[in-house]
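Chain identifiers are assigned alphabetically (A, B, ...) following the order of the sequence lines, protein sequences preceding nucleic acid strands; residue numbering begins at 1 within each chain.
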Number of protein chains: 2
Amino acid sequence: MDLDDTDNSASSAVRGERAASQTLRAQLMLRSLIIGGELKPGERVSELQMVDRLGVSRTPVRAALIHLEHENLVEALPSGGYAVKELSEPEILVAIEIRGTLEGLAARMAAERGAPADLIAAAHVVLEEIDRIVLPGPRPNGLERYVRHNARFHDLIVDMAGSDTLARQIERAAVLPFASPSALVPMEPGSVETHQSLLLSQFQHRIVLQAIELRQGARAEAMMREHARTAHCNLRRALIAGRKLAELAVASLSSNS
Amino acid sequence: MDLDDTDNSASSAVRGERAASQTLRAQLMLRSLIIGGELKPGERVSELQMVDRLGVSRTPVRAALIHLEHENLVEALPSGGYAVKELSEPEILVAIEIRGTLEGLAARMAAERGAPADLIAAAHVVLEEIDRIVLPGPRPNGLERYVRHNARFHDLIVDMAGSDTLARQIERAAVLPFASPSALVPMEPGSVETHQSLLLSQFQHRIVLQAIELRQGARAEAMMREHARTAHCNLRRALIAGRKLAELAVASLSSNS
DNA sequence: TTGCCCCTATCTGTATACATAATTTTGCCG
DNA sequence: CGGCAAAATTATGTATACAGATAGGGGCAA
């Protein structure tokens with residue numbers, strides 16, 4: 001069978017991933033289709049249709065669907081098969097709260113157990129990089145760099161907790177489009193409002209890191225929780241601004257490498 | 001092909017489930033094999049071996065393995081295939097902490113949003129049933145009834161939060177043998193120590209429910225978290241007493257209907 | 001005797017064939 | 001003209017065939 005992706009309508013999602021397994025390719029492409037809105041919420045995801053669309057056979061498509069079910073992006077229909085899960089605003093808020101709660105737990109564990117020195121140092125470096133982005137003032141193009149460093153900081157906090165189980169659980173909670181720490185993409189790139197929001201987030205980053213260093217578990221946890229609630233504001237703003245879900249796909253996909 | 005389970009070495013795990021799909025059967029049986037210790041931690045789970053052992057073909061076995069991977073019971077090997085995940089004591093403690101944290105979040109959300117009256121009433125009924133079990137004093141055979149009602153109470157709290165997303169996440173966190181709220185099975189049935197532990201748990205139940213009714217979110221959350229840490233003691237006791245993981249399989253499996 | 005290389009046996013990933021169940025469409029009757 | 005039923009199409013669940021890869025064992029050479 002022809003396995004290259006020359007005629008693949010969703011091949012842009014797997015740029016540079018052509019060596020990966022068919023299952024992973026199907027998973028990434030399906031995620032992209034769902035988050036990008038090309039598959040409407042509530043719509044049935046026909047396996048054969050996906051075979052035509054993704055260029056892989058039914059087996060990897062089916063495996064990808066099982067994975068996506070656990071990621072809360074599709075749900076199993078009672079009569080068999082899967083449908084794109086419709087995300088209500090309250091459920092997204094809950095997902096954000098779950099992520100914040102678990103990241104708060106990670107921060108507290110890091111503070112109570114003590115975080116490895118190299119991770120602390122790496123976090124300081126990341127925060128200084130963010131400083132160089134946000135301190136000079138609002139500038140275009142700084143947003144995507146911020147998102148990258150922000151995601152790295154969150155990953156470092158989770159790593160400091162030293163638990164693979166916790167890391168996985170957090171990763172799963174952050175799959176939903178607006179629940180990811182990188183979900184501030186819909187913000188207006190150059191606006192003063194955006195810039196102030198980033199400054200506040202950076203303050204929170206510093207407090208979390210300081211609390212972890214000082215072994216202040218409760219403080220680290222509370223601040224991390226509050227920090228996650230920044231996403232609430234972003235979601236509210238995005239819902240008011242209109243449907244720009246497609247933009248989120250890139251950030252959401254790039255954050256789980 | 002012969003599809004009945006007459007020569008099925010693990011058929012006891014699916015008693016009453018013969019109408020279910022092959023995938024679900026494979027998932028339940030594999031869970032039982034892993035939690036029951038028949039598959040040793042770190043051991044590779046050969047698909048063909050499981051085909052022989054479970055009496056289903058490779059496709060359902062493979063689907064079940066993907067599900068179990070998301071349940072943290074197996075992990076994907078870099079070279080392909082899966083292996084039984086080895087659960088270190090610290091990781092189990094983390095899993096308990098995750099469950100407690102998320103159940104605490106559920107209790108707080110129930111308190112802040114207000115729980116449906118019928119669920120509150122149902123919870124009161126359950127607590128009165130538990131009272132009838134533990135108040136008269138230590139008695140044999142009360143333990144399994146306690147476990148059942150205890151699981152029901154925890155489910156009710158989660159339901160009160162009114163979020164399917166949160167419910168799923170908690171369910172996943174509670175799959176690990178000792179992380180489930182039903183994980184007090186290894187306790188000695190008739191001992192005074194066991195009875196006092198149950199009494200304390202029941203006090204905590206009452207406080208959580210009262211806090212939810214009074215809209216005391218922080219109190220409900222803190223008490224629910226602390227309540228989950230009861231499992232820490234049970235784990236410690238079980239590890240001292242010796243390996244009786246097999247007993248936990250039943251409780252763990254029955255709690256996720 | 002020991003270490004390295006090759007060969008074999010098995011295992012996974014993928015594709016596909018087949019049977020059962022669900023859904024849609026079409027035709028007929030009221 | 002509308003509703004219901006039946007048939008056909010399509011969907012999923014399951015089993016299996018096949019190819020590439022991997023790991024392990026045995027044999028040969030130093």
Side-chain angles (χ1 to χ4, degrees), chain A residues 1-8 10-11 14 17-30 33 39-40 42-70 73-85, chain B residues 1-8 10-11 14 17-30 33 39-40 42-70 73-85:
Chain A
M1 182 186 181
D2 183 33
L3 286 184
D4 64 12
D5 52 358
T6 49
D7 58 348
N8 222 330
S11 61
V14 289
E17 301 274 351
R18 45 178 37 165
S21 71
Q22 302 293 80
T23 298
L24 188 58
R25 282 183 43 172
Q27 189 178 346
L28 292 177
M29 291 195 286
L30 270 177
L33 289 178
L39 292 173
K40 299 275 177 279
E43 183 180 345
R44 184 193 198 99
V45 183
S46 165
E47 295 178 5
L48 289 176
Q49 218 169 311
M50 291 307 122
V51 166
D52 288 344
R53 199 158 179 178
L54 306 181
V56 299
S57 80
R58 271 188 68 207
T59 305
V61 167
R62 177 164 271 275
L65 283 171
I66 298 177
H67 283 290
L68 292 179
E69 181 193 8
H70 285 276
L73 288 176
V74 301
E75 60 184 347
L77 297 172
S79 62
Y82 292 91
V84 178
K85 192 151 187 180
Chain B
M1 182 183 183
D2 184 33
L3 285 186
D4 66 12
D5 52 359
T6 48
D7 56 354
N8 222 329
S11 61
V14 289
E17 299 275 352
R18 46 177 38 162
S21 71
Q22 301 293 79
T23 297
L24 188 58
R25 284 183 41 173
Q27 190 178 345
L28 292 177
M29 291 194 285
L30 269 177
L33 288 178
L39 292 172
K40 299 275 178 280
E43 185 181 343
R44 186 194 196 97
V45 184
S46 165
E47 294 177 5
L48 289 177
Q49 219 170 308
M50 291 307 123
V51 167
D52 287 345
R53 199 159 179 176
L54 306 181
V56 300
S57 79
R58 271 189 68 204
T59 305
V61 168
R62 176 163 272 275
L65 283 171
I66 297 177
H67 283 290
L68 293 180
E69 181 193 8
H70 284 277
L73 288 177
V74 301
E75 61 185 344
L77 297 173
S79 61
Y82 292 92
V84 178
K85 193 153 187 177

I want to check one thing: is the phosphate of D:dT14, taken as OP1 and OP2, less than 4.0 Å away from some side-chain N or O of B:T59? no
Spacing between B:Q22 atom CD and C:dA19 atom P, to the nearest angstrom: 16 Å
Over how many whole Å does the gap from B:D52 atom CG to D:dA15 atom P extend? 13 Å
Any donor-acceptor pair under 3.5 Å from A:E43 side chain to A:K40 backbone: yes
Work out which heavy atom in B:A76 is nearest to a heavy atom in B:E69; give both atom names and the distance. CB-OE2, 3.9 Å
Provide, to the nearest angstrom, the distance between the CD atom belonging to B:E43 and the P atom belonging to C:dC11. 13 Å
Does A:T23 have a side-chain nitrogen or oxygen under 4.0 Å from the phosphate oxygens OP1 or OP2 of C:dT14? yes
Would you say B:M50 and B:L39 make side-chain contact, with heavy atoms under 4.5 Å? yes
By side chain to side chain contact (heavy atoms under 4.5 Å, CB included), B:A83 pairs with (sequence neighbours left out) B:L77
Mind jotting down which residue pairs meet the ring-ring contact (aromatic ring centres under 6.0 Å, His included) criterion with at least one end in residues 42-63 of chain A? Sequence neighbours excluded, please. none
A:R25 CZ to C:dG13 P, in whole Å, measures 16 Å
A:L68 and A:L30 have their tightest heavy-atom pair at CD1-CB, 3.5 Å
Polar-atom pairs under 3.5 Å, protein N or O versus N or O of nucleotides 6-12 of chain D: list them with distances, or write none.
| from | atom 1 | to | atom 2 | distance (Å) |
| --- | --- | --- | --- | --- |
| D:dT12 | OP1 | A:V45 | O | 3.4 |
| D:dT12 | OP1 | A:E47 | N | 3.3 |
| D:dT12 | OP2 | A:E47 | N | 3.2 |

